[in-house]
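Computed from a predicted model, the values in this text were never measured in an experiment. Below, chains carry the letters A, B, ... as their sequence lines are ordered, and counting in each starts from 1.
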Amino acid sequence: MTKKAITRFAPSPTGFLHIGGARTALFNWLYARRNGGKMLLRIEDTDRARSTTEAIDAILDGMKWLGLDWDGEVVYQHQRADRHTEIARQLLAEGKAYYCYCSPEELTKMREKARAEGRAPGYDGTWRDRDPSTAPDNVKPVVRFRAPDEGETVIRDHVQGDVRFANRDLDDLILLRSDGTPTYMLSVIVDDHDMGITHIIRGDDHLTNAARQSQIYAALGWQPPEFAHIPLIHGPDGAKLSKRHGALGVEAYRAMGYLPEALRNYLVRLGWSHGDDEIISTKQMIEWFDLDHIGRSAARFDFKKLENLNGHYIRHGDDRELISAIKVSLHEFESCEDLAESLDEEDWRKFELAMPGLKERAKTLVELVNNARYLFVKRPLSFDKKARKLLGKEDARHVLERLTPVLENIEEWSVEALEQSVRDFSQETDIALGKIAQPLRAALTGGAVSPGIFDVLFVLGKKETLARIADVGKNDEL
RNA sequence: GCCCCCUUCGUCUAGUGGUUAGGACGCAAGAUUUUCAUUCUUGAAACAGGAGUUCGAUUCUCCUAGGGGGUGCCA
């Protein structure tokens, strides 16, 4: 029996969970779930100055919202610093690491010089074999890894294939800073090893690190995990994702009215495929996900496609679940603050009742909520330009007058009965249905666009419907 | 500069040493329709360029161009 996969998602808490991170988390999650394994969560906060608790909260919150749950407790990397330094000392004792007394200024000069001469701009090994007794005593040293200087390091990557690096291009990286704290490069290795990680699935930007890390694994005599470096996500213009395009935190997508399942579906198709399948449920993702079908080129973020997928999941969503999703985030929807404050039990009941008609015509939850406004407005309604135009016509108002008794006489206020009666009225009076429905829509919703008119009638109820129609008759400004 | 990676419709992608190069989003046209949507039908739209290997390359190799990543006492 093969060992169960243990993956990890290891964000650094310097900002929110952006879309690229979310996809990395999703891939790790899917791979673990697919293989009956575990996905661990580790916060890479070794850079204390840049790590914030707000960022940690945002990341955890984002993952929960996306439905990506992790196994076990969250590991905070900086809390394991002692263990990391212990390994650094071991390397030092074995001669696989050494003290370096170069000042930051010297290093900068070194880099500039190398660059000017067209060489690889790494550390030149000044202290690699130098006698520590010649060290200046006013300088606190860093600890550097003694990397092999010849031969090559090859990474067998599940996405990128075999990638070869000449060892002379990889310099002696810093393990321990001059203040004694461990760097990311040391910490990841120790933690991944100690946590029993079997597969590292992370962004392409770590590919070079993988080579450096595998050298350290070798020095330690540890077996490196399997690697899968996934391509980055770019903005619509092909440049690195920035705040201008899609590099928003996942909570921003929630605030824009996207559903987590839509985002998951969109994200999984960005770089990974399963034949021609586009609409993929989470259950299917877990069944199908593999490393072999991850593409090697960067993908651009396309809001239009996300929107389309979101519309699909809204249309096919369960009414009650959609209501819950709206309840959770209504307060953060743009221009919906008023509703977040004012909706009462009865409003929510009507909202759910109207959902079948509403969900057919919204690509985001925000759009859906705004389309539902006619349900909550208080009489007398105000009318938009198109509604005014519709109701401004003499004969349109006349139609409403003639329709009123018909509606008054309806006993059973159901969509079917309503439709039957209005259609009969249309036949008898020889007035086209459109000539009835449009003024009616304007009178009842204040606009020219809405769900099916019989839905509107039904959800509003007899009393409110009649009252809104009557309001139009009394309105002199139309 | 140096190292590494990538390149199929506008976008996400499938695919194969011989295919009318497939799907999806978007776009266009049409049908349905009480508005808007939905739904359905149809259409336009791609193998970056150049060599080579081969009977035959989109597919394999090399080069060029373009794009991306790395190059920190950041992660």
Side-chain angles (χ1 to χ4, degrees), chain A residues 10-14 44-47 49-51 77 100 102-104 107-108 111 114-123 140-144 155 157 159-161 163-166 168-171 173-179 181 183-185 187-188 203-209 211 229 231-232 234 236 238-240 266 269-279 293 295-309 311 315 357-363 371 386 390 419 422-423 426 432-438 440-442 445 447-454:
Chain A
S12 61
T14 52
E44 312 233 301
D45 53 356
T46 49
D47 185 353
R50 294 204 305 153
S51 303
Q77 196 158 55
C100 164
C102 286
S103 66
L107 293 173
T108 310
R111 266 191 292 274
R115 200 190 165 107
E117 292 171 6
R119 289 181 290 113
Y123 177 67
K140 286 198 161 187
V142 298
V143 173
R144 284 185 186 270
I155 296 299
D157 192 275
V159 174
Q160 310 291 341
V163 185
R164 327 183 88 88
F165 295 89
R168 78 182 123 75
D169 293 327
L170 270 13
D171 66 348
L173 65 268
I174 294 174
L175 264 15
L176 252 31
R177 301 186 183 98
S178 53
D179 65 0
T181 58
T183 59
Y184 155 82
M185 210 54 99
S187 303
V188 243
D204 221 347
D205 48 342
H206 285 286
L207 193 57
T208 318
N209 289 344
H229 287 90
L232 271 14
H234 290 169
K240 200 175 176 180
Y266 177 71
R269 281 288 294 110
L270 216 52
W272 176 81
S273 61
H274 185 268
D276 282 341
D277 294 306
E278 295 288 346
I279 304 288
H293 292 84
R296 302 215 258 187
S297 53
R300 298 186 190 201
F301 193 88
D302 182 9
F303 259 102
K304 278 282 199 289
K305 189 144 182 175
L306 205 212
E307 212 166 68
N308 172 274
L309 243 16
R315 286 196 295 282
L358 254 13
K359 68 185 181 185
E360 283 295 314
R361 54 209 91 214
K363 296 222 186 312
N371 289 344
K386 283 182 180 163
L390 276 165
E419 174 154 10
V422 176
R423 282 193 189 277
S426 164
L433 195 51
K435 292 278 182 199
I436 304 168
Q438 276 308 86
L440 197 49
R441 188 183 325 273
T445 69
V449 176
S450 84
I453 195 64
F454 305 114

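Using a 4.0 Å cut-off, some side-chain N or O of Arg177(A) falls inside it from OP1 or OP2 of A75(B). Side-chain nitrogen and oxygen atoms of Ser273(A) include at least one within less than 4.0 Å of the OP1 or OP2 phosphate oxygen of A14(B). Side-chain N/O atoms of Lys140(A) include none lying less than 4.0 angstrom from OP1 or OP2 on C73(B).
Counting distance only, with no hydrogens placed and no angle test, the side-chain atoms of Arg300(A) and the base atoms of U11(B) include no donor-acceptor pair under 3.5 Å. At a cut-off of 3.5 angstrom, counting only N and O atoms as typed in the model, there is a donor on one side and an acceptor on the other between the side-chain of Asp276(A) and the base of G22(B). One N or O donor and one acceptor, one from the side chain of Asn209(A) and one from the base of A75(B), sit under 3.5 Å apart. Looking at Arg296(A), its side chain has no donor and acceptor atom pair within 3.5 Å of the base of C5(B). With hydrogens and angles ignored, no donor-acceptor pair closer than 3.5 Å exists between the side chain of Thr208(A) and the base of C3(B).
Taking atom CG of Leu306(A) as the reference point, atom P of C12(B) lies 14 Å away to the nearest angstrom. C9(B) atom P lies 14 Å from atom NZ of Lys305(A), rounded to whole Å.
With centroids closer than 5.5 Å and planes inclined by less than 30 degrees as the test, His206(A) and the base of A75(B) pass as a stacked pair.
In this structure, Leu309(A) reaches neither bases nor backbone, as no heavy-atom distance under 4.0 Å exists between it and the strands shown.
In the set G69(B), C3(B), C12(B), C3(B) carries the atom at the smallest distance from any side-chain atom of Asp169(A).
Across the C1' atoms, A14(B) and G23(B) are found 7 Å apart, a figure rounded to whole Å.
Pairing of A65(B), defined by two Watson-Crick or G-U wobble distances under 3.5 Å, is identified with U7(B).
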